[in-house]
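Both backbone and side-chain heavy atoms feed into the values below; hydrogens, waters and symmetry mates do not. These figures come from a predicted structure and were not determined experimentally. Chain letters run A, B, ... following the sequence lines, proteins first, then strands; residues in each count from 1.
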Amino acid sequence: MFKHLKDLKKTIFESQVWTAMFRHDYADTPRNRTLQIMSNVWMHLHPPKIRRHAIRIRFTWCMGGITFLLFLVLVVTGVVLMFYYRPVAEYAYADMKYLQFDVPFGMLVRNMHRWAAHGMVLTVWLHMFRVFMTGSYKSPREFNWVVGVILLTLTLMLSFTGYLLPWDQLSIWAVTVGTNMARATPLLGHEGPFAQVVGVTPRYDARAFLLGGTIVGPPTLLRFYVLHCIFLPILASILMMVHFWRIRKDGGISGPL
Amino acid sequence: MGEGPGRAAVAEKPKAAPPKPKIKPLEDKIHCWPYLVRSEFICSVIIMAVLMVWSIALNAPMEEPANPTNTPNPSKAPWYFLGLQEMLVYFDPWMAGVVLPTLIIVGLMVIPFVDINPKGNGYYTFVERKFAVTMFLFGFLILWTSLIVTGVFLRGPGWNLFWPWEVWDPHKVVALTNVDLPYWGPFKLLGNPKIFGVELLGLTILALYLVVLPVAFWFWKSKTSPVLQELGPIRYGIVVFLFLTMIGLPIKVFLRIAFNIKYLWVTPWFNI
Ligand code: HEM
């Protein structure tokens, strides 16, 4: 049988189906190395060639990449969780318990989603830290730094909106504390400076707009769910596309000139 | 990823050593496949393994069902927001929860536009950009991290300070001895603050701090300092404002701890 392995390989790799998908062979030639990247839509995030120092872990700490990896983990595990979770006050907590104790691997998926989210907040901070320390925000990468800061804000908002969804004591009170600050928004919050001038009331101010009411209640749960599962991930994905595209357009990973 | 020798060492394995060319050699580039993709793959495998082990070993927290009538004490925001919650000790919510976070975000965004030092672009260096690096390390590593650490580990019921080895006593009473600046120390001697106008004192101090001081410094130094000249008044103004705002936090922490001062500027509409 092993005699025929070569034949088998030939049959597969030269079949019409295979060559329809992959347009280069695997001999380690410069041309194939380039094609590996250029002819693959996912690999194509990379340029075919890159400056030598840019792949040194000591330079980038791979932190942007790890952040992106964690984001992908969050998307996948998040979609799995969405199959079992209903953003309704009566069901949310029970669904979480069901997920943890009855759904096969439910606990593991929930844990991965949770810890990856915490991890992403940390890695995005560290990524920003490394970009600052290498001065990589300097011209021509100013705009990508700004995109990055927005991504950082979105990461925090994603984490925060997700925090509410288990609908347990931890989540509603953490979100209560967090959103209470909105009532003090100058002009727009009912306890903020100059609130009387604008005429906002507890039922009609920045915080009520955020919560869909005066307390963290069922409408808040639905709002945060939609933000967490639809609006913010889509926005973050779009900005990540811009971010990655700009890295290429700005001349690749920064380095000493 | 330990991709071996740095640029210098690589230059030493030439095909044939030509006499050193004066023109810049072609950039030292390598193929992404396999070198970068390989590193990314290894990195992903490690991260996934860590995440997997972590998620098997440690369960995500899950408490009692939500109960709006039962407020836990303390109620803590998620850890990454505890820096903001901790600032609530020193500032009113409109500052700690709205104005300062906004300034942090906007401040981060303007960094590339106010840092006009062309050096240190794309490599680690401290000596070539002392001010920028010092500011960032101070703001991020020292201020932000220590606020979060305090919030996570040292705050107990009533948002009182507890050392890690202390038992959280929900009935711990801490005397509220904080006073506002117009009612404190020598300023009391100015007479009845209600008549003198409490607003004026804080306004004066803040104006001195945020306006007079920077403007005076500008007129004193801008003639002789090439850095300031290149920066120009607008960038200078932005940098100084952000800098003084950031330093304002430790100043207020110090005033609170050393002198129990609550607000510097008291007005009928807001306090700082
Ligand atoms: C969701 C969040 C983010 C993701 C997924 C992400 C991803 C990445 C990746 C993969 C890179 C390639 C180099 C590396 O791995 O370090 C990169 C570079 C970069 N990032 Fe981010 N990033 C994020 C947030 C940020 C933030 C918060 C900032 C700054 C405030 C930022 C600014 C930059 C800049 C300026 C570069 C170019 C660095 C260079 O050329 O050396 N990014 N980002």
Side-chain angles (χ1 to χ4, degrees), chain A residues 33 36-37 46-53 55-57 62 65-66 69 73 93 96 100 107-108 110-112 114-116 121 129 132-138 142 145-146 149 153 156 159-160 163 166-170 172-174 176-178 181 184-186 192-194 215 254-256, chain B residues 1 3 7 10 27-37 39-40 43-44 47 51 54-56 58-68 71-72 75-78 80-81 85 92-94 96-99 105 108-109 111-113 115 118 120-124 129 133 136 140 269-270:
Chain A
R33 286 181 172 191
Q36 290 275 15
I37 300 287
H46 306 111
K49 280 185 135 190
I50 176 172
R51 294 163 72 190
R52 183 178 291 274
H53 77 278
I55 68 159
R56 300 232 317 276
I57 224 97
C62 205
I66 294 176
L69 174 72
V73 170
Y93 185 78
M96 295 299 293
Q100 294 199 5
M107 191 74 187
L108 181 67
R110 173 166 186 236
N111 290 347
M112 282 179 75
R114 179 74 161 216
W115 300 133
V121 171
F129 184 62
F132 187 92
M133 295 313 283
T134 56
S136 302
Y137 57 82
K138 299 188 178 198
E142 302 98 323
W145 169 270
V146 176
V149 176
T153 317
L156 291 174
S159 263
F160 187 61
Y163 213 84
W167 206 241
D168 62 345
Q169 279 291 75
L170 189 66
I172 67 157
W173 289 104
T176 302
V177 171
M181 309 213 189
T185 316
F194 307 112
I215 58 161
S254 61
Chain B
M1 185 112 193
E3 205 35 67
R7 315 186 93 216
V10 169
E27 268 194 304
D28 184 16
K29 284 195 163 183
I30 53 175
H31 281 285
C32 272
W33 182 283
Y35 302 114
L36 175 62
V37 178
S39 299
E40 285 174 347
C43 191
S44 308
I47 298 290
L51 183 63
W54 191 352
S55 301
I56 291 171
L58 221 68
N59 283 339
M62 189 74 184
E63 296 187 356
E64 311 283 291
N67 180 356
T71 315
S75 298
K76 290 194 182 186
Y80 39 84
F81 282 151
Q85 199 175 352
D92 277 354
W94 69 275
V98 185
V99 174
I105 294 170
L108 284 172
M109 285 184 185
I111 286 177
F113 305 99
D115 179 0
N121 184 346
Y123 52 98
Y124 293 97
R129 39 198 290 253
V133 172
F136 197 76
F140 182 70
W269 310 280
F270 59 84

Chi angles and distances behind the side-chain contact (heavy atoms from CB on, under 4.5 Å) call for Ser39(B), Ile57(A): CA-CA 9 Å; Ser39(B) 299; Ile57(A) 224 97; 5.6 Å; no
What residue in [options] has the most heavy-atom pairs under 4.5 Å with chain A?
{"options": "Pro72(B), Pro112(B), Gly97(B)", "answer": "Pro112(B)"}
{"options": "Pro78(B), Ala96(B), Gly120(B)", "answer": "Pro78(B)"}
{"options": "Val133(B), Ile111(B), Val99(B), Asp92(B)", "answer": "Ile111(B)"}
{"options": "Asn59(B), Ile56(B), Leu36(B)", "answer": "Asn59(B)"}
{"options": "Pro93(B), Pro65(B), Ala60(B)", "answer": "Pro65(B)"}
{"options": "Phe270(B), Phe136(B), Phe81(B), Trp269(B)", "answer": "Phe136(B)"}

Side chain / backbone / both / neither for Val37(B) at chain A, heavy atoms under 4.5 Å: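 Contact with chain A: side chain only.
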Phe140(B) portion near chain A, given a 4.5 angstrom heavy-atom threshold: side chain
Spatial distance of atom [atom1] ([X]) from atom [atom2] ([Y]) [nearest 0.5 Å]:
{"X": "Ile105(B)", "Y": "Leu156(A)", "atom1": "CD1", "atom2": "CG", "value": "8.0 Å"}
{"X": "Trp94(B)", "Y": "Thr185(A)", "atom1": "CH2", "atom2": "OG1", "value": "11.5 Å"}
{"X": "Ile172(A)", "Y": "Glu64(B)", "atom1": "CD1", "atom2": "CD", "value": "12.0 Å"}
{"X": "Lys29(B)", "Y": "Arg51(A)", "atom1": "NZ", "atom2": "CZ", "value": "7.5 Å"}
{"X": "Leu51(B)", "Y": "Trp115(A)", "atom1": "CG", "atom2": "CH2", "value": "10.5 Å"}
{"X": "Gln169(A)", "Y": "Ser75(B)", "atom1": "CD", "atom2": "OG", "value": "8.5 Å"}

Which region of [X], side chain (C-beta onward) or backbone (N, CA, C, O), has a non-hydrogen atom less than 4.5 Å from a non-hydrogen atom of chain B, or is it both or neither?
{"X": "Pro48(A)", "value": "backbone"}
{"X": "Thr153(A)", "value": "side chain"}
{"X": "Leu108(A)", "value": "both"}
{"X": "Ser159(A)", "value": "both"}
{"X": "Trp145(A)", "value": "side chain"}
{"X": "Leu170(A)", "value": "both"}
{"X": "Met107(A)", "value": "side chain"}
{"X": "Ile66(A)", "value": "side chain"}

Residues Glu40(B) and His46(A): side-chain donor-acceptor under 3.5 angstrom: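 A donor-acceptor contact under 3.5 Å links the two side chains.
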Check: Pro61(B) and Arg114(A) side chains under 4.5 Å, non-hydrogen atoms: yes
Main-chain N/O of Asp115(B) paired to Tyr137(A) side chain as donor or acceptor, under 3.5 Å: no
Side-chain (Trp54(B)) to main-chain (Asn111(A)) donor-acceptor, under 3.5 angstrom: no
Six-ring centre of Phe132(A), Arg129(B) cation under 6.0 angstrom, axis tolerance 45°: yes
Largest heavy-atom contact set with chain B, pairs under 4.5 Å, which of Arg110(A), Met181(A), Lys138(A), Glu142(A): Lys138(A)
Non-hydrogen atoms of Gly122(B) and Pro256(A) that approach each other most closely: O-CD, 3.2 Å
Smallest separation among heavy atoms of Cys32(B) and Ile50(A), with atom names: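 Of all heavy-atom pairs spanning Cys32(B) and Ile50(A), the closest is SG-CG2, 3.5 Å.
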